[in-house]
2 protein chains.
Amino acid sequence: MPSIDPTRRGRRPGDSGTRDAILDAARRRFAHEGFRAATVRAIAGDAGVDPALVMHYFGTKQVLFVAAMEFPLDPAQVVPHLVGSGIDGLGERLVRLMLGVLDELGDTNPMLGLVRSAMGHPDAARMLREFLGEAILDPIAAAVSEQTGADRPRLRADLCASQIVGIIVARQILVLPELAAADRETLVVAYGGTIQRYLTVSLAP
Amino acid sequence: MPSIDPTRRGRRPGDSGTRDAILDAARRRFAHEGFRAATVRAIAGDAGVDPALVMHYFGTKQVLFVAAMEFPLDPAQVVPHLVGSGIDGLGERLVRLMLGVLDELGDTNPMLGLVRSAMGHPDAARMLREFLGEAILDPIAAAVSEQTGADRPRLRADLCASQIVGIIVARQILVLPELAAADRETLVVAYGGTIQRYLTVSLAP
DNA sequence: ACCCTAGTTCAACATCCGTTGATTTCCGCC
DNA sequence: GGCGGAAATCAACGGATGTTGAACTAGGGT
């Protein structure tokens with residue numbers, strides 16, 4: 001009976017979670033090759049599927065990218081949770097949260113795909129800017145500014161963003177050896193102090 | 001007379017600085033498209049030259065990249081100059097130097113090409129790691145460590161590298177608005193303090 | 001006056017990529 | 001028990017890319 005032939009066409013029996021398999025493969029490929037280098041064919045191959053099926057589900061590589069980079073963290077929840085406990089130690093809490101996300105999501109981390117694609121792909125750069133800056137750091141800096149009277153909250157948010165992006169690039173992409181190997185709490189203290197400083201220190205030249 | 005025909009083949013009269021034109025166009029393209037997206041054809045087009053001539057000079061896109069990313073700063077000169085004036089204000093001097101280089105080289109900055117290409121191109125990542133880390137930051141951290149007794153100089157160098165790469169990405173590639181518009185000395189103070197801290201603060205968690 | 005060499009172009013190849021249209025198979029509903 | 005539509009595959013197209021080999025032209029040394 002050819003009903004178990006693995007090379008047959010047509011619909012497969014059961015509740016095939018194929019769409020999710022494609023999204024997962026896409027996240028993995030985008031995360032460590034970037035938008036341009038990650039090919040639809042390779043993603044389809046990883047998901048064990050024909051490239052045309054990817055287009056059937058998403059229509060366009062671009063749309064697939066946007067769907068795959070949807071972030072599993074809701075800023076509307078995370079920001080109040082960070083700021084709610086007060087300004088003291090806010091930097092460390094933010095860094096701890098971020099390192100945690102980086103470590104547990106690993107290969108499938110949308111943030112990695114976003115950062116890697118942002119170079120040379122303006123749409124990805126915009127998505128990263130909007131998520132990191134407008135959704136997370138701007139509200140945090142605004143809250144701090146409201147409570148401490150610190151000036152230029154937007155610039156403070158940008159300063160924080162530059163360090164956070166730098167962490168992702170240096171640790172996950174360049175894989176600077178001591179940084180990649182360092183104990184997480186050591187990094188929380190080192191980077192947390194920087195973030196805290198950017199949020200509160202005087203910015204007059 | 002067809003001797004002035006602009007579409008003719010063969011050698012052009014005079015000392016045509018064509019090789020340099022190609023290198024310049026390559027730097028520009030690599031700097032704001034990255035290794036993969038910058039095509040040999042586009043580079044040749046910018047230089048007003050046939051793509052085959054690029055291959056004739058450099059043999060391979062990869063070799064062209066390495067040649068174009070040769071850095072115009074000699075670490076053997078810059079490091080002693082920075083450290084020689086003492087540890088005080090070292091962070092600010094380093095940041096000021098870097099922002100100066102970023103601003104004056106602009107479109108043709110090899111550092112930009114290196115960072116943008118480092119995502120998704122392991123060779124570029126290695127070049128960036130070697131230049132920034134091993135050639136500049138490791139010696140600086142080692143010198144500081146020797147004079148102050150600070151521990152873990154390599155980790156300190158990696159921490160500095162993560163902030164410097166973050167500056168380049170956030171300011172030149174993501175173009176975070178307030179960061180791109182900020183006065184240079186404001187950034188020197190903000191970032192200089194961070195670098196100084198990474199070089200000297202206690203790293204115990 | 002001659003030839004060698006370096007500069008330069010042209011045309012083409014092989015490969016790979018995103019996308020499309022036709023076709024086949026099966027699930028779920030009436 | 002049939003049937004529409006969703007899931008899946010196949011084969012192909014059109015375009016772009018890095019690279020190659022042959023051809024042509026001019027300058028410079030002898």
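No hydrogens, no waters, no symmetry mates; every other heavy atom, side chains included, goes into these values. The chains referred to below are lettered A, B, ... by the order of the sequence lines, with proteins before strands, and numbering in each begins at 1.
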Ion pair R171(B)/D158(A), N-O distance below 4.0 Å: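 Looking at R171(B) and D158(A), the cut-off is not met.
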Basic-acidic side-chain contact under 4.0 Å: D46(A), R29(A):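 Salt bridge: yes.
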To the nearest 0.5 Å, tell me how far L99(B) CG sits from I167(B) CD1.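 Atom-to-atom, L99(B):CG and I167(B):CD1 are 6.0 Å apart.
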B/S/- along nucleotides 14-19 of chain C (protein heavy atoms under 4.0 Å) is ---BBS
Write down the distance between [atom1] ([X]) and [atom2] ([N]), rounded to a whole number of angstrom.
X	N	atom1	atom2	answer
L53(B)	dG18(D)	CG	P	16 Å
H56(A)	dT25(C)	NE2	P	17 Å
F65(B)	dG18(D)	CZ	P	14 Å
D50(B)	dA11(C)	CG	P	10 Å

Apply side-chain contact (heavy atoms from CB on, under 4.5 Å) to residues F131(B) and L137(B) and explain how you reach the verdict. CA-CA 9 Å; F131(B) 177 73; L137(B) 293 172; over 6 Å; no
Can you find a side chain N or O atom of Y57(B) that sits less than 4.0 Å from OP1 or OP2 on dA6(C)?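 So the side-chain polar atoms of Y57(B) never come under 4.0 Å of the phosphate oxygens OP1 or OP2 of dA6(C).
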Treating R116(B) as the side-chain partner and A31(B) as the backbone partner, does any N or O pair qualify as donor plus acceptor under 3.5 Å?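 Yes.
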4.5 Å side-chain heavy-atom contact, Y191(B) and M98(B):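 Not in contact.
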